[in-house]
2 protein chains.
Amino acid sequence: MRAVMSETERKSGAAFQPLYAQVKATMTQWIGSGRWQPGEMIPNEFQLAAEFNVSQGTVRKALMALEADKLIVRHQGRGTYVARHTPQRALFQFFRMVDEGGKRLTPTSQPLSQTQRKATREQARLLGVEPGTMLHVITRVRLFGADPAIFERILVPVALMPELAVTLGTEMTDEMYVIYQDRFLITIARASERLRAVRATREEARHLAVEEGYPLLEVVRIAKDVNGKPVELRISRYKTKEYSYATEVT
Amino acid sequence: MRAVMSETERKSGAAFQPLYAQVKATMTQWIGSGRWQPGEMIPNEFQLAAEFNVSQGTVRKALMALEADKLIVRHQGRGTYVARHTPQRALFQFFRMVDEGGKRLTPTSQPLSQTQRKATREQARLLGVEPGTMLHVITRVRLFGADPAIFERILVPVALMPELAVTLGTEMTDEMYVIYQDRFLITIARASERLRAVRATREEARHLAVEEGYPLLEVVRIAKDVNGKPVELRISRYKTKEYSYATEVT
DNA sequence: GAGTGGTCTAGACCACGGT
DNA sequence: CCGTGGTCTAGACCACTCG
C-alpha cells in the first residue's frame, strides 16, 4: 500500500488520499468484486496490516469506516465479516414504514407481473444506462397483514441480472436485495429516494382497495451497489392512512 | 475524568462507558448548558486532555464523535468551534426539498398567525410534556419564488421560549432554528420525521393555490436539542408537483 | 487458553491558517 | 514562525467468543 502513492504524489494535492482511505477503497473494491464474498470472515487486523504494509491502527480506521458504511460487521471476540443481506436486515435497513405507534412494519409480497421493456429516457437517466436498454419490469403489491398497502414497480437492467426473471416465480416473496446478492453477487449498499404525494391511478386504486384519486405517498428509489453504481429503480406508492414513512434528520 | 468512575464501576457492566464516551457526554452537556456557547472556540486537544486527565487520543475520539453529530466544527490550523446555526446551515441540514433536477430549494416565508394554545393529548405526547401545557402556535406559508408550496404549523412549549411571540413580528422570515439558538440558547441537533400523503383542507388549498382535496405531502417533525429533548413540533404540508422530498438511505 | 476486536496511551510527523 | 488539527505508528491491556 505504501507503494501505491509516492511521497511526492501524496504531497501534490489532487491525488492525495490518507493511507486509511486508500486501504478502505481497496477493501471496498475487494468486496465489490467478490474477492471477499458476502458472509465471509476476513483476516484480522494484524494480518491485514502486514498485507497492506501499514500499521494495525491504520487498518482499524479503514475497518471502522467500512463498518459505518455497513459493508462489514465486526464482532468482538469473533472476527470481521463481509455484510450479508438477510431478509430481516434488508427490511430493517431499507424499509421505513411504521405504524401509528412507531413500530416497524414488515410487509408480505404478492406478485402481479414480470416482463421486459426498453428503458424510457427518464428511466435510463436515473439508472445511468442508455435509453432503450432492456429492463426487467416487475410489479407487485405488498401487504401489511391482510391490508394491501403498497403498489410497487421494480426496474432492473437485464444486462446486470440476466436470469432474474427465471428466479421470480418461486422467490418473489423474498426481499429483492437478498436475491440480488445471493444470485448475482450484487450488494445494495445505499439508496437515494424522492418522495411526493400523488393521486392513485385507477389500477393502483383497485389493487390497494381505495377510490381512484386517493392520495398516495410515492417513493422513487435508486438503489446502488458498493461502488455507487445504480442497480435498481423502484417506484413505490404507499397507502398512508394508518402507516407512515419514518426518517431521522441529523 | 478518571475519577468519574472507579475501576470496579467500570467493570460492573451496566454503568460502564468507554472513557471517550464519558468525555463526549460531558462535552455535550457543556454545549447544552451554555458553558460552551455557539460559535465559541474550545480549547485544543492537549488542553482538554489535561483537563479531563486522559490522553490526547481519547479527547480526539470524543471530538470526532461530536463533529459527526454536528455539535462542533473543526478546522485544521484554526481550531475547534461549537457549531452555530446560520440560516444557510439550518436549511442545508434540515430542509430536504429539491426541484425536478435535484437542486436544493430555499423557501421564503410568509407569516399567517401566531397564538398560544393548550397542547392536545397527542401534541403533548409528541413533545414530551403534560397535556394542557401552553404552546406557541405559529402558522405560515413558505414559497419557492412566487409559488406558495408549503403550509406549516409550528408548536413550541411556551415554558421553553417565553418571549418567542414577541420576536416573531420582525424575524418571522428567518429560520426558526437560528432564532431558538440566538435568543434562547437552544440548539436543534436532530429531528425525527413521519411522512404521509393527505388531502388538502379547504384552508390549505386556498393558501397553496390548489383545489380542496389535492394530494399533499405531510411531514410531522419533532425537533430535538443536543440532549435529545423535544423542543418543537412542526406539521408541514407540501405541494409536491414540481418539487420533492429527497433523502438518502444507508 | 487462544484469538479476536475494543480501548487507551504516547509520541512522531505533516498540512494548514494566521502572525 | 507558531499553534492548530490530521495522519500514522507502536504497544499495552481489556472484554468477548469459542473450542
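Just so you know, these numbers use all the heavy atoms, side chains as well, and skip hydrogens, waters and symmetry mates. So that the names make sense, note that chain A is the first sequence line, chain B the second, and so on, each numbered from 1.
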Where each residue is assigned the nucleotide of DNA chain D containing its nearest heavy atom, which of Arg78(A) and Phe46(A) is assigned the position nearer the 5′ end? Phe46(A)
Pairing of Arg96(B) and Glu193(A) as salt bridge, 4.0 angstrom limit: no
Hey, are Glu163(B) and Arg183(B) close enough for a salt bridge, meaning a charged N less than 4.0 Å from a carboxylate O? no
Taking the six-membered ring of Phe92(A) as reference, does the cationic atom of Arg104(A) (NZ for Lys, CZ for Arg) lie under 6.0 Å from its centre and within 45° of its axis? yes
DNA chain C-proximal residues of residues 63-72 of chain B, any heavy atom under 4.0 Å: none
Taking 4.0 Å as the cut-off, does a side-chain nitrogen or oxygen of [X] come that near to OP1 or OP2 on [N]?
{"X": "Thr80(B)", "N": "dT4(D)", "result": "no"}
{"X": "Tyr20(B)", "N": "dC8(C)", "result": "no"}
{"X": "Lys61(A)", "N": "dC8(D)", "result": "no"}
{"X": "Arg74(A)", "N": "dG6(C)", "result": "yes"}
{"X": "Thr58(B)", "N": "dT7(C)", "result": "no"}

Regarding dG6(C), can its base be found pairing with the side chain of Arg60(A) as donor and acceptor, where the two atoms are less than 3.5 Å apart? yes
To the nearest 10 degrees, what angle separates the axes at the start and end of the helix from dG1(C)-dC18(D) to dG18(C)-dC1(D), five pairs each? 10°
